[in-house]
Amino acid sequence: MASHPSRPLRPVELLALAGAMAVFTGLAVGLVTREPLLALLFALGVAVVGVLVLGVLALVIGEHRRG
């Protein structure tokens, strides 16, 4: 069984995780395509989607732990 964290993720931690995903994606796309604008667009897209997905997951996990 997986262990549960003792406290929910803070908003700063969610933003940091989304930022890390965006940086990784931007670097990967930039190194593969050598197009900085395309890498920036992918990184921004991943940052937005990452914040949304991680936020929704945090809400669902919080509701599951409460009741």
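Separating the CG atom in Leu17 from the CG atom in Leu57 is a distance of 11.0 Å, to the nearest 0.5 Å. For the atom pair Phe42 CZ and Leu27 CG, the distance stands at 14.0 Å (nearest 0.5 Å). In this structure, the separation between CE on Met21 and CG on Leu54 is 5.0 Å, given to the nearest 0.5 Å. Put simply, CD on Glu35 and CG on Leu40 are 12.5 Å apart, with the number rounded to the nearest 0.5 Å.
Taking all atoms of both residues into account, the shortest heavy-atom contact from Gly50 to Ala18 is C-CB, 4.0 Å. Of all the heavy atoms in Ala39 and Gly26, the pair that sits closest is CB-O, 3.4 Å. Nearest heavy-atom pair across Leu14 and Gly55 is CD1-CA, 4.3 Å.
With hydrophobic clusters built from ILVMFWY side chains whose heavy atoms lie under 4.5 angstrom apart, Phe24 does not share a cluster with Val51.
Here the rule is side chain to side chain contact (heavy atoms under 4.5 Å, CB included) with Val49, and of Leu52, Val46, Val53 only Val53 fits it.
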